Amino acid sequence: MADNEKLSMIRHSMAHVMAQAVLELFPGTKIAIGPAIENGFYYDFDLPRPLTDADLETITAKMKEIIASGVPFERKEISRDEARKLFADQPYKLELIEAIPEGETISLYTQGSFTDLCRGPHVKSTKELHADAFKLLNIAGAYWRGSEKNPMLTRIYGTAWTNPKELRVYMDYLADIEKRDHRKLGKELDLFSLHEEAGPGLVYWHPRGARIRQAIEDFWRSEHYKNGYELVYTPHVGRSWLWETSGHLGFYKESMYPPMEMDKSDYYVKPMNCPFHIMIYKNTKHSYREFPFRWAELGTVYRYEKAGALHGLMRVRGFTQDDAHLFVTPDQMDDEIIEVLRFSMFMLHSFGFEDIHAYISTRPEHSVGDPEKWEAATAALKKAVEKEGLKYDIDEGGGAFYGPKIDLKVKDAIGREWQLSTVQFDFNLPERFDLTFVDKDGTEKRPYMIHRALLGSLERFFGVLIEHYAGAFPPWLSPDQIAIIPVGESAYEYSKNLEKRLKGEGFRVVTDLSADRMNAKIRNAQKMKTPYMLIIGEKEMAEDLVSVRYRGGKQVNGVKTSDFISEVHKTIDSKEQI
RNA sequence: GCCAAAGUAGCUCAGUGGUAGAGCAGCUCACUCGUAAUGAGCAGGUCGCGGGUUCAAUUCCCAUCUUUGGCUCCA
């Protein structure tokens with residue numbers, strides 16, 4: 001049997017053991033479902049009272065008892081009527097029984113005092129479960145059957161493994177995630193903040209965060225020009241006419257900030273950049289000879305995200321998309337998609353993401369646009385992904401109503417997937433805004449429109465970068481690249497001049513002239529994860545040397561300053577990590 | 001929006017029905033230092049905001065905002 005099947009059986013069985021423990025401790029509890037999931041399991045309960053973290057300990061202790069008792073998991077098949085009778089006081093189970101198709105077997109699994117409606121499979125006995133290889137992690141709310149129209153149940157999440165060592169490895173992984181948390185690092189490294197009193201979900205980029213953003217934006221802009229894009233700037237608000245035409249007021253009004261009334265018109269803050277780029281397109285009549293158009297903008301948009309959905313930089317209400325819109329003729333489509341994908345891969349690689357996976361989403365049930373166009377566009381997406389040699393999955397029917405798309409997800413340093421790039425066809429807006437171009441034969445035709453974002457939003461991308469690098473950015477992105485640390489006051493003057501010299505090279509440099517001892521200065525620079533620390537004392541001053549302490553702890557003393565400068569240039573230019 | 005928990009100094013956190021405390025950071029002074037914290041002193045808080053109970057509320061209750069963990073959502 002494959003290891004993951006075994007693990008999944010252990011986890012599923014653990015869920016049953018937890019349900020037994022909860023029922024014994026909280027009589028009258030109604031039970032819902034309890035599957036194995038990635039790394040663990042959960043079970044949903046309708047409890048007589050809310051749970052506290054202390055209850056998790058009690059439940060854990062009870063589970064250990066059940067595991068120690070070594071009871072078998074016994075399977076039994078019964079009729080639908082028997083099942084109804086058995087679960088007469090378990091309304092959620094009754095609902096599940098009714099949902100089982102006629103003719104399908106209904107099976108039960110029993111261990112000790114607990115019987116659950118369950119397809120299985122399970123381990124043979126609780127002897128196969130390890131009392132020290134599981135941990136209950138948290139209590140959360142979850143809608144019955146995942147619908148917000150249904151009652152909210154209490155879900156207990158746990159993790160389970162075959163042995164304590166595996167559990168420890170997983171717990172270490174969770175601790176690593178906590179250490180990398182961009183919200184925590186954002187504070188510690190003084191990168192950004194959010195202010196509840198000034199409006200939730202709105203990001204303040206501090207000088208050190210802004211330096212990173214500048215580095216990203218500078219690179220982004222110059223690469224866009226190199227890759228045949230034009231950069232545009234568009235307004236932040238637009239009259240309701242724009243949003244009525246685009247259809248946003250019809251479909252997405254709930255997610256837009258409410259209107260501002262002025263001169264008897266309603267103005268809306270933009271939730272997307274596309275209608276503005278379309279206005280530029282519509283400004284003149286276009287010939288096929290001008291195509292393709294590639295217009296990019298770091299466009300700041302505002303969306304009303306539900307209060308409970310906000311999360312640090314990852315889900316915010318105001319964010320800047322690295323947006324671009326391509327207007328192409330049908331015969332340019334294939335090449336343009338290939339080019340966008342290649343560009344996208346280049347950008348992601350530049351930021352240190354190597355493991356990239358593509359997801360293609362195809363036409364959903366309700367869609368606009370000619371099915372043949374959908375076919376052609378989807379084929380173009382597949383062709384591009386294959387040409388790039390990317391691994392990909394297809395989400396049949398998972399596209400937006402207006403067109404198929406490719407999403408790229410990257411794996412970070414600890415294996416978590418983040419969606420960054422997206423390339424989407426749009427068969428809706430060109431119709432709604434009646435976009436045309438004059439083709440070779442003199443007739444007016446409809447251009448293809450493609451939306452794409454390479455980094456997604458700068459806020460979210462920043463969050464992902466922080467977590468990927470755990471705050472230790474490669475020098476080209478580091479807020480401070482070099483920290484100068486004079487050994488004593490006698491080196492202050494020299495250090496200030498060295499700072500000037502290094503800044504002249506274009507480096508981001510800070511000199512620590514505080515009253516702290518040298519050791520404390522090193523500690524502070526280290527805590528800020530500054531890549532290079534230069535220790536300056538008598539020896540260095542006398543011979544134009546620097547003593548380099550690298551972020552990793554390595555020291556190289558007596559380096560010629562000019563050698564250090566060329567080394568840093570090389571590292572920054574190549575975007576290497578140190 | 002829903003379920004649950006939390007909100008005390010800039011940060012991390014302790015604490016109590018009789019209007020608050022630590023460490024770090026900050027400021028001042030002294031020390032002038034060779035690879036992860038020099039020492040002493042000072043200052044800093046309407047205990048998220050609004051009601052209620054009480055002689056008295058930061059503490060108990062209600063409402064509200066925000067945050068956290070999830071759920072739902074994410075054009």
Side-chain angles (χ1 to χ4, degrees), chain A residues 42 44-47 49-55 137-157 181 183-184 187-188 190 193-201 243 246-256 271-275 301 303-312 314-317 319 321 399-403 405 419 422 424 426 428-429 451 456-457 460 483 485-492 514-528 533-540 547-551 553-557:
Chain A
Y42 69 77
D44 286 345
F45 303 102
D46 192 344
L47 287 149
R49 67 159 173 88
L51 290 181
T52 63
D53 286 339
D55 291 323
L137 296 174
N138 44 35
I139 304 162
Y143 295 110
W144 164 237
R145 309 194 103 185
S147 167
E148 61 184 329
K149 293 190 185 81
N150 288 335
M152 187 54 83
L153 304 173
T154 303
R155 175 172 296 178
I156 303 178
Y157 282 99
D181 191 319
R183 292 165 302 183
K184 187 170 168 285
K187 252 182 216 164
E188 287 171 7
D190 193 17
S193 56
L194 297 141
H195 301 271
E196 52 177 270
E197 68 276 30
W243 310 110
S246 71
H248 289 104
L249 277 181
F251 295 117
Y252 306 113
K253 195 170 184 197
E254 300 301 298
S255 304
M256 289 170 69
M272 302 197 95
N273 302 300
C274 352
V301 299
R303 298 179 186 180
Y304 177 78
E305 298 287 353
K306 285 184 187 172
L310 300 176
H311 177 90
M314 300 304 188
R315 192 83 180 269
V316 291
R317 285 189 175 154
F319 54 98
Q321 294 180 306
F401 74 91
Y402 52 81
K405 63 171 179 177
Q419 195 214 302
T422 182
Q424 310 192 356
D426 192 325
N428 184 42
L429 291 178
H451 309 260
S457 91
R460 189 181 138 83
I485 297 172
V487 171
E489 230 163 60
S490 60
Y492 279 20
S514 70
D516 284 329
R517 290 280 197 279
M518 185 200 63
N519 280 0
K521 292 180 182 182
I522 289 174
R523 183 167 189 268
N524 290 338
Q526 195 78 50
K527 272 170 64 187
M528 295 314 262
M533 283 156 262
L534 299 183
I535 315 296
I536 303 300
E538 296 299 332
K539 279 177 260 170
E540 290 76 13
S547 287
V548 189
R549 183 193 164 93
Y550 294 86
R551 181 165 56 194
K554 192 176 113 186
Q555 292 171 38
V556 186
N557 294 343

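Not measured: the values here are computed from a predicted model. Each chain gets a letter, A, B and so on, in the order its sequence line appears, and its residues count up from 1.
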Provide the distance between the two [atom1] atoms, one in [N] and one in [M], to the nearest whole Å.
{"N": "B:A36", "M": "B:U72", "atom1": "P", "value": "49 Å"}
{"N": "B:G48", "M": "B:U59", "atom1": "P", "value": "8 Å"}
{"N": "B:A25", "M": "B:G39", "atom1": "P", "value": "10 Å"}
{"N": "B:A4", "M": "B:U46", "atom1": "P", "value": "32 Å"}
{"N": "B:C27", "M": "B:A43", "atom1": "C1'", "value": "7 Å"}
{"N": "B:C60", "M": "B:U28", "atom1": "C1'", "value": "43 Å"}
{"N": "B:A14", "M": "B:G50", "atom1": "C1'", "value": "27 Å"}
{"N": "B:U67", "M": "B:C49", "atom1": "C1'", "value": "15 Å"}

- request: May I ask you to decide if the ring planes of A:F401 and A:F251 are parallel, tilted or perpendicular, using 30° and 60° as cut-offs?
  value: tilted
When both hydrogen-bonding distances must be under 3.5 Å and the geometry is Watson-Crick or G-U wobble, what is [N] paired with, if anything?
{"N": "B:U64", "answer": "B:G48"}
{"N": "B:U28", "answer": "B:A40"}
{"N": "B:C71", "answer": "B:G1"}
{"N": "B:C11", "answer": "B:G23"}

Just to be sure I understand the rule, does [X] reach a base, reach only the sugar-phosphate, or reach nothing, if contact means heavy atoms closer than 4.0 Å?
{"X": "A:N557", "value": "base"}
{"X": "A:K187", "value": "sugar-phosphate"}
{"X": "A:S547", "value": "base"}
{"X": "A:G312", "value": "sugar-phosphate"}

- prompt: Taking the nucleotide of RNA chain B with the closest heavy atom to each, which residue, A:A520 or A:R549, is nearer the 5' end?
  reply: A:R549
message: On RNA chain B, does the nearest nucleotide to A:K521 precede the nearest nucleotide to A:E540 from the 5' side, or the other way round? Give the residue.
response: A:E540
Does [N] have OP1 or OP2 under 4.0 Å away from a side-chain N or O of [X]?
{"X": "A:H311", "N": "B:G69", "result": "yes"}
{"X": "A:N138", "N": "B:G70", "result": "no"}
{"X": "A:R183", "N": "B:U67", "result": "no"}

message: Walk me through whether A:N557 and A:I535 qualify under side chain to side chain contact (heavy atoms under 4.5 Å, CB included).
response: CA-CA 9 Å; A:N557 294 343; A:I535 315 296; over 6 Å; no
Side-chain donor/acceptor contact of [X] with base of [N] under 3.5 Å:
{"X": "A:Y143", "N": "B:G70", "answer": "no"}
{"X": "A:R155", "N": "B:C71", "answer": "no"}
{"X": "A:R49", "N": "B:A4", "answer": "no"}

Taking [atom1] from [X] and [atom2] from [N], how many angstroms apart are they, rounded to a whole number?
{"X": "A:H195", "N": "B:G7", "atom1": "NE2", "atom2": "C1'", "result": "17 Å"}
{"X": "A:F45", "N": "B:A4", "atom1": "CZ", "atom2": "P", "result": "16 Å"}
{"X": "A:K539", "N": "B:U35", "atom1": "NZ", "atom2": "P", "result": "9 Å"}
{"X": "A:I522", "N": "B:G34", "atom1": "CD1", "atom2": "P", "result": "10 Å"}
{"X": "A:K184", "N": "B:U68", "atom1": "NZ", "atom2": "C1'", "result": "15 Å"}
{"X": "A:L194", "N": "B:C11", "atom1": "CG", "atom2": "P", "result": "13 Å"}
{"X": "A:D46", "N": "B:C71", "atom1": "CG", "atom2": "C1'", "result": "15 Å"}
{"X": "A:D44", "N": "B:G70", "atom1": "CG", "atom2": "P", "result": "15 Å"}

field: Heavy atoms of other groups near A:K184 NZ, more than 12 under 6.0 Å
entry: yes
message: Please determine whether the number of non-hydrogen atoms from other residues, nucleotides or ligands lying under 6.0 Å from atom CD of A:E254 exceeds 12.
response: no
For nucleotides 60-66 of chain B, which of its nitrogen or oxygen atoms have a protein nitrogen or oxygen under 3.5 Å away, and what is each distance?
| from | atom 1 | to | atom 2 | distance (Å) |
| --- | --- | --- | --- | --- |
| B:U66 | O2' | A:E196 | OE2 | 2.9 |

Polar pairs (N or O, both sides) under 3.5 Å between protein and nucleotides 73-75 of chain B?
| from | atom 1 | to | atom 2 | distance (Å) |
| --- | --- | --- | --- | --- |
| B:C73 | O2 | A:R315 | NH2 | 2.8 |
| B:C73 | N3 | A:R315 | NH1 | 3.1 |
| B:C74 | O2 | A:R315 | NE | 3.2 |
| B:C74 | O2 | A:R315 | NH1 | 3.1 |
| B:C74 | O2 | A:R315 | NH2 | 3.3 |
| B:A75 | O3' | A:Y402 | OH | 2.1 |
| B:A75 | N7 | A:R303 | NH1 | 3.3 |
| B:A75 | N6 | A:R303 | NE | 3.3 |

Measuring only between side-chain heavy atoms, which start at C-beta, is [X] closer than 4.5 Å to [Y]?
{"X": "A:V301", "Y": "A:F319", "value": "yes"}
{"X": "A:T154", "Y": "A:D46", "value": "no"}
{"X": "A:L429", "Y": "A:S246", "value": "yes"}
{"X": "A:E305", "Y": "A:H311", "value": "no"}

Quick check for you: to the nearest 0.5 Å, what is the distance between [X] atom [atom1] and [Y] atom [atom2]?
{"X": "A:H451", "Y": "A:D426", "atom1": "NE2", "atom2": "CG", "value": "3.5 Å"}
{"X": "A:M518", "Y": "A:M533", "atom1": "CE", "atom2": "CE", "value": "12.0 Å"}
{"X": "A:K554", "Y": "A:R549", "atom1": "NZ", "atom2": "CZ", "value": "12.5 Å"}

Full working for side chain to side chain contact (heavy atoms under 4.5 Å, CB included) between A:R303 and A:R317: CA-CA 5 Å; A:R303 298 179 186 180; A:R317 285 189 175 154; over 6 Å; no
